[in-house]
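The block underneath contains the structure these notes are about, expressed in structure tokens.
Keep in mind that the numbers below use all heavy atoms, side chains included, and drop hydrogens, waters and symmetry copies.
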Amino acid sequence: MDAFALVQLVLRILLAVIFIGMGAAHFVPRVRRTMGAMIPAGLAGPDRRWAPTLVTVSGVAEILGGLGLLAPWWGVRFAAGLALIALLILVFPANAQAAKEPERFGAVAVPLVPRAIGQIVLGLLILVSVI
């Protein structure tokens, strides 16, 4: 195994732990309520009825994506990486909503520009780990 392959392996393991942990957090009641409240009204639907479903779907997607990064097959790892990058893009509106209301969301309300930069860096790390 060359140095780059070793870096990729370590990076995939770290990212997998992060995404599996973040996905599991979606099922902790207090965190789940906060995440549901972050979803913009237009996506949450009438009476915010879709918010719990969206939180569940994104949590399951993060767990599956994290597990996919650990797969022994390159194609599965690559697909999982692309899916996680897509997920980062899809959840960005919720992060933007939280950034608009720092008094309501506290530490979760990372300002928009640093959040965007962080998600881009995370997406690039995912890409490097699976190419």
Would you confirm whether Q119, through its side chain, and L88, through its main-chain N or O, come within 3.5 Å as a donor-acceptor pair? yes

Please name the pair of heavy atoms, one in P93 and one in L43, separated by the smallest distance, quoted to 0.1 Å. CB-CD1, 4.1 Å

Treating Ile, Leu, Val, Met, Phe, Trp and Tyr as nodes and any side-chain heavy-atom pair under 4.5 angstrom as an edge, say whether M22 and V28 lie in one connected cluster. no

Besides V17, the hydrophobic cluster formed by Ile, Leu, Val, Met, Phe, Trp and Tyr side chains linked at under 4.5 Å, directly or via other members, contains none

Hey, quick one: are L54 and V91 part of the same hydrophobic cluster, counting side-chain heavy atoms closer than 4.5 Å, chains of contacts allowed? no

Is there a path from I39 to F92 through hydrophobic residues (I, L, V, M, F, W, Y) whose side chains come within less than 4.5 Å of each other? no

To the closest 0.5 Å, what do you measure between CD1 (I120) and CD1 (I89)? 9.5 Å

Apply side chain to side chain contact (heavy atoms under 4.5 Å, CB included) to M38 and list each qualifying residue two or more places apart in sequence or on a separate chain. T34, A94, N95, A98, F105, V108

List, by chain and number, the other hydrophobic cluster members for L90, where Ile, Leu, Val, Met, Phe, Trp and Tyr join if side-chain heavy atoms come within less than 4.5 Å, directly or indirectly. none

Atom CG of L11 and atom CG of L6: how far apart are they, to the nearest 0.5 Å? 11.0 Å

Rounded at 0.5 Å granularity, tell me how far CG in L69 sits from CD1 in I18. 10.5 Å

On a heavy-atom basis, which atom in A99 and which in L112 lie closest, and how many Å separate them? CB-N, 3.9 Å

Quick check: closest heavy atoms across A109 and P102, and the distance to 0.1 Å? CB-CA, 3.5 Å

Listed partners of L67 passing side chain to side chain contact (heavy atoms under 4.5 Å, CB included), at least two apart: I20, I63

Considering only residues two or more places apart or on different chains, which pairs with a residue in residues 90-111 satisfy salt bridge (Lys or Arg N to Asp or Glu O under 4.0 Å)? E101-R104

Are V121 and I85 grouped together when hydrophobic residues (ILVMFWY) are joined by side-chain heavy atoms under 4.5 angstrom apart? yes

In the hydrophobic clustering that connects Ile, Leu, Val, Met, Phe, Trp and Tyr at side-chain heavy-atom distances below 4.5 Å, which members other than W73 occupy its cluster, ordered by chain and number? V76

Scan for side chain to side chain donor-acceptor pair (under 3.5 Å) pairs involving residues 122-131, sequence neighbours excluded, and state none if there are none. none

Tightest non-hydrogen contact, residues G65 and A80, listed as O-CB, 3.7 Å

From F19 CZ over to L87 CG, what is the distance, rounded to the nearest 0.5 angstrom? 7.0 Å

Measuring only between side-chain heavy atoms, which start at C-beta, is T56 closer than 4.5 Å to F27? yes

Hydrophobic clustering (ILVMFWY, side-chain heavy atoms < 4.5 Å, transitive) - are L82 and L64 grouped together? no

Enumerate the residue pairs fulfilling side chain to side chain donor-acceptor pair (under 3.5 Å) with a member in residues 75-87, sequence neighbours excluded, ordered by first and then second residue. none

Answer whether the closest heavy-atom distance between the side chains of L122 and L15 falls below 4.5 Å. yes

So do the side chains of W50 and V57 get within less than 4.5 Å of each other, counting heavy atoms only? no

Under the rule for side chain to side chain donor-acceptor pair (under 3.5 Å), what residues qualify as partners of T53, not counting sequence neighbours? none

Residue pairs involving residues 44-61 (criterion salt bridge (Lys or Arg N to Asp or Glu O under 4.0 Å); sequence neighbours excluded): none

Qualifying side chain to side chain donor-acceptor pair (under 3.5 Å) pairs, either residue in residues 8-30, two or more places apart: H26-S58

Tell me, please, which residues at least two apart from W74 pass ring pair (Phe, Tyr, Trp, His ring centres under 6.0 Å). F78

